Amino acid sequence: MKGFSPVVMLISIVAAGFFMFAHQTHVEGSKEYMEITVNKGDSLWKIAEEYTKDHKSNWAFVDWVEKNNGIQAGAITPGQKLIIPIKAEKDR
């Protein structure tokens with residue numbers, strides 16, 4: 001039983017790394033999502049106002065960002081990376 005725990009830990013770390021890499025690759029190649037860095041003074045509403053541009057309501061944008069980034073009650077901090085929805089290039 002002693003050897004079981006390190007094996008499970010190693011498998012978990014490898015799996016987490018794989019899923020993070022797969023998600024990052026998908027997002028970077030997508031024209032529907034992008035990664036941004038939160039700046040001092042930013043709020044989800046302020047970010048929504050900058051990036052919605054008539055294709056999604058601010059409320060829907062904030063809800064999507066909270067759900068897809070594991071954010072509760074809009075709590076973001078400077079330096080934090082967020083995945084946000086954007087319009088495809090052809091729609092701009």
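All values reported here derive from a predicted model rather than from experimental measurement.
- When all heavy atoms of Ser57 and Thr52 are compared, the closest pair comes out as O-CG2, 4.1 Å.
- Taking the side chain as every heavy atom from C-beta outward, Ile47 and Ile76 approach each other to under 4.5 Å.
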Starting from the C-alpha separation in whole Å, work towards a yes-or-no answer on ring-ring contact (aromatic ring centres under 6.0 Å, His included) for Trp64 and Trp59. CA-CA 9 Å; Trp64 189 98; Trp59 289 109; over 10 Å; no

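- Between Ala73 and Glu66 the shortest heavy-atom distance is C-OE2, 3.7 Å.
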Verdict with supporting geometry, Tyr51 and Ile36, side-chain contact (heavy atoms from CB on, under 4.5 Å): CA-CA 11 Å; Tyr51 288 98; Ile36 64 165; 3.7 Å; yes

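- With Asn69 contributing its side chain and Ile83 its backbone, the two residues share a donor-acceptor pair below 3.5 Å.
- For the atom pair CD1 (Ile71) and CG (Asp63), the distance works out to 11.0 Å, reported to the nearest 0.5 Å.
- Here the CD1-CD distance, from Ile84 to Glu32, works out to 13.0 Å after rounding to the nearest 0.5 Å.
- Between Pro85 and Val65 the shortest heavy-atom distance is CD-CG2, 4.0 Å.
- The closest donor-acceptor contact from the side chain of Thr77 to the backbone of Gln80 lies at 3.5 Å or more, if one exists at all.
- For the atom pair CG (Leu44) and CG (Asn58), the distance works out to 11.0 Å, reported to the nearest 0.5 Å.
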